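Report on the structure given below.
In the text below, chain A, chain B and the rest are named by the order of the sequence lines, each starting its count at 1. Everything numeric in this text was worked out from a predicted model, so none of it was measured.
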There are 2 protein chains.
Amino acid sequence: MRSTPRAEAFPAHTPAAAQIFTTVLSHGPLTRSDMAARAGLSAAAVTKAVRPLIEAGYLMEDADDEARPSLGRPANPVRVDGGRALFIGVKVTADEIIAVLTDLCCRIRVARHVPLESREPKAVLASIAALAQELLTEADGFGVPVQGLGVAVSGDVDRAAGAVRFSPFLEWRDLPLGELVEMTTGLPVTVDNDVRALTVAEQWFGAGVGLSDFAVVTVGAGIGCGLVVHGKVVSGAHGVAGEIGHVVIDPTGPPCHCGNRGCAEAIAADPAIVTAVRTATGLPVADAAQALDLARQGDPGAREVYARAGDAIGRAIATVANLLGPERVIISGEGLAAYDLFAEQIRDAFASSAFGTAAQCDLLTRPLPFDEWARGAAATAIQSFISGPTRGGKE
Amino acid sequence: MRSTPRAEAFPAHTPAAAQIFTTVLSHGPLTRSDMAARAGLSAAAVTKAVRPLIEAGYLMEDADDEARPSLGRPANPVRVDGGRALFIGVKVTADEIIAVLTDLCCRIRVARHVPLESREPKAVLASIAALAQELLTEADGFGVPVQGLGVAVSGDVDRAAGAVRFSPFLEWRDLPLGELVEMTTGLPVTVDNDVRALTVAEQWFGAGVGLSDFAVVTVGAGIGCGLVVHGKVVSGAHGVAGEIGHVVIDPTGPPCHCGNRGCAEAIAADPAIVTAVRTATGLPVADAAQALDLARQGDPGAREVYARAGDAIGRAIATVANLLGPERVIISGEGLAAYDLFAEQIRDAFASSAFGTAAQCDLLTRPLPFDEWARGAAATAIQSFISGPTRGGKE
DNA sequence: CTTCTTTCATTGACGGCGGAAAAGAACAGC
DNA sequence: GCTGTTCTTTTCCGCCGTCAATGAAAGAAG
């Protein structure tokens, strides 16, 4: 049906080879000796691991002849040939499906999105299949095979099983989404929680590169958190972790849908902000954008709401930092559009609530275009592709 | 000087051998095929790894002929010979030094403690040396060498460097304690944070055996938390983690020495409870024991204080569970003496604050005799001994 | 009592990964 | 061209762990 070849196996014979590949993937062009140093291997081992990868076309010697250190034999940097393989990432939200086509370096080549009419698994599945088909057609234009597809869904997701255990937004329970999408697309599919997927993208291709302990905090419709500890994404014993949204910031705060009061999400997530701005100003604020406008125009009530939200976010981040001592916390999400309104409060609250050396933790904000969520899904697919048919992550 | 031989090397030639040994250490007597299954190795590999360990006397075939499954060749369980080696664990508190002599299975053989007159490093060092010497003499009686010494100190400890970075209670900064104790005792020394040491003991010899994700929460003079994620104790990027004591439970709560209000420690730690009981009852309560008495006698004010403390602890634990999704939380510490007074509140607060599957997390209380802290230190020494001269943990 | 079956343990051959060391390759400077 | 330097590759070797076959120790079956 399609002219592009079907999924092939990644030639990472040994764990060391996979590790070296991900090192190059994350740390740009590297000479073989650099790889050896970073991966803790001998130069000989690197040579042997790299050769089949070059032969298979996944790595290439960098023709770039810049920046010689001028003494001795010139180094021969190696980089990942991003164009060697393509991947599809799909993010399912409550009202939209976003899909991207990325290359092996997780650079977005094409992005699409369609509104979601129904949350019925069948309808969603059809939309995913249609979008995937579209992107597969696009991929034909590159003459490169699509090697995998990642799906990111919020909620409780069992990546190993490829199943959605429970998704409140979509009202799904125990749905074997991986299998289903595999059947309709014919691609190897990886299903993961959306925040974890984003965290994987940051770990391999973003601000978490090279860090063994960091956190990603997303602010938007909800407040989420992805954690990397000991170099691996935390999934928790029951498949759920990083529920920062329901850390109680203020027991006397507004009620949260979880049944408690003053959860971070009940103070700083978009719906909470909208509600609070409405209450504070008495105006019929409909959505986050309007609330933002009001605050930008200097409305004191609205500004106060954002200040409080920033304070809550800062405290929540401090809680994470106190517990895990990460090297960095990456703050992201659609809510970041309002960053200028609460940046100060976030930093202040963090500084005052972080205890001891936890305060040394680096706070970093990253604008998060909406495609980024889908890119995260693609990153999980890349991860699965590299670590072989056995699902799971590494580095 | 002493008749017992000096520290020898542990014959774990390969990582697999060390892993097998720790498996047997934690999971009692095991047949070789069990080990193979648990460690994910072939039976052949187990045989080869076990032999030198038996020859060296660290493992022994279990003579116990019970419980035959009645078909086929009888299994030949292997266990660790606890009597093969001894270790010393030392816990330094603000006013006391506790030391224990344990065997290889971390069973306490002898326990000693001395009051601490001065917190000057020199004086503490002398006390440690004296205690260690005493225990070494005791060890002579067993005719078995002492293979290592562990020291547990609260505060910011760099285990790899064997240095205390900062200890608020002792008022130490950047003290190379490991080197110093090594010089005075001649033993290989491991220095670690006290809560982490306790966590190691639970991971290898306690309620954390076999779990890859769990937490230890200690309630007493302070509130501490040790975390195990992905099978390894979390130390944080800057050497500090698990600072659950300064998670803010109630922003309007009592002030904490850290500068914030309503930290868990400012509500539920012993000093906070004493203060609160004093305020609530107007009586001159001097210490935790008296506060406990009052509450046990039914004083409503005191009971209310404990109820609030339990609530704070439960919320703090829920925060950990929400963020990390551990399989189990082990609650321990001297403050557990009052467990009957706040058990209900802990469970209630946990249940209501834990979100989703995090509530499936198993809450377990463990009475913690004071020696246990020192035993934790011994556990770190055992860990160092097994994983070789290179400091650090595994499993 | 012998033989079979079952399960646990051991042995020896094999393969593969990774390391050490030496050789090779590419370039700058003299 | 020679030399020194640095990066890379080659060759050889050791070692670990698996595979497959063998041995060992029972109870069950005849």
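At a threshold of 4.0 angstrom between heavy atoms, the contacts of T14(B) are confined to the sugar-phosphate backbone, with no base atom among them. If you check every strand for non-hydrogen atoms under 4.0 Å, A45(B) touches a base.
One can place NE2 of H13(A) at 8 Å from P of dC17(C), the figure rounded to the nearest angstrom. In this structure, I20(A) atom CD1 and dG18(C) atom C1' are separated by 10 Å, rounded to whole Å. Remark: P of dG29(C) and CG of L71(A) are 8 Å apart, rounded to the nearest angstrom. Rounded to whole Å, atom C1' of dA9(C) lies 11 Å from atom CD1 of I54(B). Between the CE atom of M35(B) and the P atom of dT7(C) there is a distance of 19 Å, rounded to whole Å. The distance between atom CG of L30(A) and atom C1' of dT8(D), rounded to the nearest whole Å, is 15 Å.
A donor-acceptor pair under 3.5 Å is absent between the side-chain atoms of Q383(A) and the main chain of T190(A), judged by distance alone.
A salt bridge (Lys or Arg N to Asp or Glu O under 4.0 Å) check over residues 375-388 of chain B, counting only residues at least two apart or in different chains, returns the pairs E372(B)-R375(B). Residue pairs satisfying the salt bridge (Lys or Arg N to Asp or Glu O under 4.0 Å) criterion with at least one member in residues 13-40 of chain B, sequence neighbours excluded, are listed as follows: R32(B)-E61(B).
For R165(A), the side chain to side chain donor-acceptor pair (under 3.5 Å) test picks out D158(A), D174(A), with sequence neighbours left out. When the side chain to side chain donor-acceptor pair (under 3.5 Å) test is applied to D192(B), the partners found at least two apart in sequence or on another chain are R159(B), R196(B). The salt bridge (charged side-chain N to carboxylate O under 4.0 Å, His left out) test applied to R107(A) returns D103(A), not counting sequence neighbours.
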What are the atom names and distances for every N/O pair under 3.5 Å that joins the protein to nucleotides 9-13 of chain D?
unit_1  : atom_1 : unit_2 : atom_2 : d
dT9(D)  : OP2    : R32(A) : NE     : 2.8
dT9(D)  : OP2    : T47(A) : OG1    : 3.1
dT10(D) : OP2    : R51(A) : NH1    : 3.1
dT10(D) : OP2    : R51(A) : NH2    : 3.4

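Checked against dC7(D), dA9(C), dG17(D), the side chain of A16(B) finds its nearest nucleotide in dG17(D).
Of the side-chain N and O atoms in S42(A), none sit less than 4.0 angstrom from OP1 or OP2 of dA20(C).
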